[in-house]
There are 2 protein chains.
Amino acid sequence: MFCLSYLVSCLKRNSMHSFTEENYLKAIYKLEEKTGGRVNNTDLAKALAIHSATVTDMLKKMSERKWILYEKSKGFKLTGKGRKSAVGIIRRHRLWEVFLVSKLEFGWDEVHEIAEQLEHVQSEDLINRLDSFLGYPKADPHGDPIPDENGEFMKSEAVLLSKLKAGSKARFAGITDHSTAFLSYLDKIGLALGDTIKIGSIEEFDQSYILQLKSKKEIIVSSRVTNGILVVINY
Amino acid sequence: MFCLSYLVSCLKRNSMHSFTEENYLKAIYKLEEKTGGRVNNTDLAKALAIHSATVTDMLKKMSERKWILYEKSKGFKLTGKGRKSAVGIIRRHRLWEVFLVSKLEFGWDEVHEIAEQLEHVQSEDLINRLDSFLGYPKADPHGDPIPDENGEFMKSEAVLLSKLKAGSKARFAGITDHSTAFLSYLDKIGLALGDTIKIGSIEEFDQSYILQLKSKKEIIVSSRVTNGILVVINY
DNA sequence: CATAATTTTTAGATATATCTAAAAATTATG
DNA sequence: CATAATTTTTAGATATATCTAAAAATTATG
């Protein structure tokens, strides 16, 4: 019993982490992506919906365990090891989302919460087999890229739909707003990932767009929508 | 924030439970099945590889939360609610095992640990869709029955291979020894679930069996093996 | 049935992850 | 640059799940 728990605690220090640590890693990774640099305590606390004091404590521990580089009051960032781990979590999350949508026929607006749980299941073999079973998908149901076994993944050249001019044509390639409300709304107005979109015209007054869908249908969307959609032009 | 955590704690009390509680429920369920009656502290502690003192504490809590009926020093058993929950966990475990073997091509000796993690993912919708995706399997890769959505499942009429007489014929329907070592050994000697087995003869000296497999091959197995295998006769 | 053996419980710790309230440190602003 | 605003940290709690050591209760045995 002594031996076992000692071993377990050793393993934990070096290569494994609790759900909590995984959630911190993921949140930090996402914040780094968004801000492009160091992350601060307050933003992380907000992202995780917990209190700053808790974050301070946890960051100290994660720093000791070499998941992050932490300088008191100066913000922090992932170490190489921390980044690798975070990318692994994202790989797992996105592969499970593909499974849920393509195999179990969930809607793209229903999978996030379940994937949040599945992503914590520890088994490299499992994830690599899942990847193979799904045909090595390059993106999840929301268009977000899936890292491969080595943590490599494509940076997309997608741009916000709101950047396009009237008359241009593009492919719906991703979203920046991942809320269920937004996803359901897109379902409702008949916009799906992969669709070709032509911009009929742009209303100067409120920057709303008239879009022509491949179904010939025309829809009007607000700037809130055009700022939530990523497209690939030159298609 | 206050509201949310209050809500969460309420939910926890009534219908949800932590991984730990789920593991206790599952272990208690299995012990009840094995012993056919009340379970005691020591057996549960052994099954969970933790100390009795810890079990005493946890049982008090689980009793308050109405998962078990607990009388000090007299053993305990699951309540209706506790049983229902335990059966749900077993359903999830076994469905995931089917997924791992039939879709991801894991060996039947490789899936237990991963299913131990997957079984804790909370989503009824997920499990029912998985059930449908797998074609509503009646048994897991080890022949153990899978409860349906309502917690119903067949009691098997399988008996130990060691109960059969020379000359009888039966179908390999399940196992009582779920250890990886045993499963791998069966793989090695070429015995697989569903196989038809004919008992050539029984060695009186050590109760070892000579089995004739459908492949015409003959193998000799020890009583350790015939006591680990369940068969359905009259086939 | 008295004593020994076993089982269960109590008492007091520990680790993890969280909280609140207040203090300290840092950054922004007139 | 002094003060205000914001951010971070400290200090002291709490809940969960575990431990060890010892006491208490129960069960088995001569």
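With rounding to whole Å, A/Met62 atom CE is found 17 Å from C/dA15 atom C1'. Here C/dT16 presents its P atom at 9 Å from CD of A/Glu21, a figure rounded to the nearest Å. In this structure, CD1 of B/Ile68 is placed 13 Å from P of C/dT8, rounded to the nearest angstrom. To the nearest angstrom, P of C/dT8 lies 14 Å from CG of B/Leu48. With rounding to whole Å, B/Arg38 atom CZ is found 16 Å from C/dT7 atom C1'. Computed from coordinates, the B/Met58 CE to C/dT8 P distance equals 17 Å when rounded to whole Å.
A residue-by-residue look at B/Ala53 and B/Lys46 shows that B/Lys46 has its nearest nucleotide of DNA chain C further toward the 5' end. The residue among B/Lys61 and B/Ser52 whose nearest nucleotide of DNA chain D lies closer to the 5′ end is B/Lys61.
Judged by the 6.0 Å distance and 45° axis criteria, A/Lys103 is positioned over the aromatic ring of A/Phe133.
Residue B/Asn41 places its side chain closer to C/dT8 than to any other of C/dT20, D/dT8, C/dT8. If you check D/dT10, D/dT18, D/dT9 against the side chain of B/Asp57, the one that comes closest is D/dT18. When each of D/dA17, C/dT7, C/dT9 is scored by its nearest atom to the side-chain atoms of B/Thr42, the top-ranked nucleotide is C/dT7.
Of the side-chain N and O atoms in A/Thr54, none sit less than 4.0 angstrom from OP1 or OP2 of C/dA17. Residue B/Lys60 places at least one side-chain N or O closer than 4.0 Å to OP1 or OP2 of C/dT10. The phosphate of D/dT16 has neither OP1 nor OP2 within less than 4.0 Å of any side-chain N or O from B/Tyr24. Contact between the side-chain N/O atoms of B/Ser18 and the OP1/OP2 oxygens of D/dA17 is found at a separation under 4.0 Å. Contact annotation: B/His51 does not reach the phosphate of D/dT18 (side-chain N/O to OP1 or OP2, under 4.0 Å). Distances shorter than 4.0 Å separate some side-chain N or O of A/Thr20 from OP1 or OP2 on C/dA17. The side chain of A/Tyr70 contributes an N or O atom lying less than 4.0 Å from OP1 or OP2 of D/dT9.
Under the Watson-Crick or G-U wobble criterion, with both distances below 3.5 Å, D/dA23 is paired with C/dT8. Across all strands shown, C/dT29 forms a Watson-Crick or G-U wobble pair with D/dA2, both key distances being under 3.5 Å.
Between the side chains of A/Arg91 and A/Asn128, at least one donor N or O sits under 3.5 Å from an acceptor N or O. Using a 3.5 Å distance cut-off with no hydrogens or angles, the side chains of A/Ser208 and A/Asp206 do pair a donor with an acceptor.
Here the rule is side chain to side chain contact (heavy atoms under 4.5 Å, CB included) with A/Val101, and of A/Asp109, A/Val111, A/Asp140 only A/Val111 fits it.
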- CA sep, side-chain torsions, deciding dist, call: B/Asn23, B/His120, side-chain contact (heavy atoms from CB on, under 4.5 Å): CA-CA 9 Å; B/Asn23 287 333; B/His120 297 295; 3.2 Å; yes
